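Structure, as structure tokens:
This structure is a prediction, so every number in the text was calculated from the model and none was measured.
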Amino acid sequence: MPPYTLAALLMIASGSIHAAVNAIVKGGRDKAAGRAVTDGTSALILLPATLFVPLPHGAWEYLAASAVIHGFYLYFLVRAYRVGDLSAVYPVLRGTAPLVTAGVTIGLLGQHATTGQIAGIALIGAAMFLMIAGRHLGRAALGWSLLTGLCIAGYTVVDAIGVRAAPSPASYIVWVFVQMGAVVVAMFGILSRGAMFAAARAQWRPGAIAGALSILTYGLALTAFSLGPTAPLAALRETGMVTALLISIFFLKERATTGRVIGVFGILAGAALILTG
């Protein structure tokens, strides 16, 4: 199988699993506690693996930058989910990310992309925003969602470079999860003045499941970035919005509006352009 085809399949699978993780976090009573349990679990699962993978020499600076950006990303994400519905917030933050990522990697870093791939990226981004047509999204929810999307683009670019700079993809993947777990638990623990830990005990089961799934979703994404170009692969991850829509309809009992259905077909058409472009 050609490397780009494998990378594309890994990224599509990553997107679907990522939607499930966000649905679990959104469904928790305390969003910060849920996110801390999720990332703390990921770190604990992979901590023993640090003994078996090479130290990420050549990628320490990218890991440091990723930790800072992920910290802001998760803070903004929790704030967005506190004030907005999953079906309104998720398309905005995920729709912003591939457009900004493409602008940085193609426009500033000079990575190659075909005309078809660029058209597919634009179509996916536009389709994501179409999915919130008719949905109420307050100014606060919109602001936090846009900030979250910018952070997603930031850590996507940093991690895509870092995973190639590390001795192996496994080395970068293990260390990025271990450090992220430490940063997130400490950050939300300090911000909540310790109250987060009591809330975490009440919702550790779904958080632990989300933590295991997080390793799978972002591990697949980073492996894909080690095999192919950043911008089109990052956009393909947004096909997970199709899974998010199904979750919101069948499990969260939200309504399938015309805009959301058209948006799904737009995402799928954009993915087809990227895959064939």
Side-chain angles (χ1 to χ4, degrees), residues 11 14-23 25-26 31-32 35 38-39 65-109 118 120-133 135-161 180 184 214 217-218 221-222 225 230-245 247-248 259-260 263-264 266-267 270-271 274:
M11 196 59 86
S14 171
S16 292
I17 300 168
H18 186 266
V21 171
N22 273 266
V25 174
K26 171 61 180 174
K31 307 300 184 293
R35 194 67 235 194
T38 295
D39 292 294
S66 179
V68 173
I69 298 171
H70 268 98
F72 281 107
Y73 153 68
L74 291 171
Y75 176 76
F76 296 152
L77 179 69
V78 166
R79 294 299 299 265
Y81 281 158
R82 281 176 178 168
V83 295
D85 292 337
L86 175 69
S87 58
V89 167
Y90 194 72
V92 173
L93 62 91
R94 299 307 310 185
T96 304
L99 300 178
V100 177
T101 300
V104 172
T105 58
I106 298 172
L108 297 181
L109 300 182
I118 293 173
I121 293 167
L123 183 55
I124 287 177
M128 297 287 278
F129 283 97
L130 180 62
M131 294 185 76
I132 64 170
R135 297 287 303 175
H136 174 69
L137 189 65
R139 292 176 63 181
L142 177 61
W144 291 121
S145 298
L146 290 173
L147 287 172
T148 305
L150 291 174
C151 287
I152 293 171
Y155 74 64
T156 296
V157 173
V158 168
D159 286 340
I161 299 172
M180 187 162 60
V184 172
S214 288
T217 179
Y218 204 48
L222 290 175
F225 284 138
T230 304
L233 289 174
L236 279 178
R237 197 175 189 219
E238 308 318 324
T239 55
M241 191 60 228
V242 179
T243 303
L245 175 62
I247 291 172
S248 68
R260 296 173 76 183
V264 163
I267 291 169
I274 291 172

ask   = Do Leu109 and Thr230 have side chains that get closer than 4.5 Å, going by heavy atoms?
value = no
query = Does the side chain of Val78 come within less than 4.5 Å of Arg82's, by heavy atoms?
reply = yes
query = Is there a side-chain contact between Tyr218 and Arg237 (heavy atoms, below 4.5 Å)?
reply = yes
task = For residues Ile124 and Ala271, report the shortest heavy-atom separation together with the two atoms involved.
result = CD1-N, 3.8 Å
remark   = d(Tyr73 OH, Met180 CE) to nearest 0.5 Å is 8.5 Å
Contact list for residues 142-161, test salt bridge (charged side-chain N to carboxylate O under 4.0 Å, His left out), sequence neighbours left out = none
remark   = Shortest non-hydrogen pair, Val158 vs Ala65, comes out as CG1-CB, 4.0 Å
task = Check whether any side-chain N or O of His70 sits under 3.5 Å from a backbone N or O of Ser66 as a donor-acceptor pair, and report yes or no.
result = yes
query = For Asp39 and Leu74, which heavy atoms make the closest approach, and how far apart are they?
reply = OD2-CD1, 3.5 Å
remark   = Heavy atoms of Ala221 and Ser14 approach each other most closely as CB-OG, 3.7 Å
remark   = Heavy-atom nearest pair, Val21 first then Ser214, reads CG1-OG, 3.6 Å
inquiry  = With rounding to the nearest 0.5 angstrom, report the CD1 to NE2 distance, Ile152 to His18.
reply    = 6.0 Å
key: Separation of Thr101 OG1 from Leu233 CG (nearest 0.5 Å)   = 11.0 Å
inquiry  = Between Thr239 and Leu236 (side chain of the first, backbone of the second, donor and acceptor by atom type, cut-off under 3.5 Å), is there such a pair?
reply    = yes
What donor-acceptor contacts under 3.5 angstrom involve side-chain atoms of residues 138-146, with partners at least two apart or in another chain?
from	atom 1	to	atom 2	distance (Å)
Ser145	OG	Ala141	O	2.6

remark   = When every non-hydrogen atom of Phe72 is compared with those of Cys151, the smallest separation belongs to CB-SG, 3.9 Å
inquiry  = Rounded at 0.5 Å granularity, tell me how far CG in Leu150 sits from CZ in Phe76.
reply    = 9.0 Å
ask   = If you round to the nearest 0.5 Å, how far is CG of Leu147 from CG of Leu77?
value = 11.5 Å
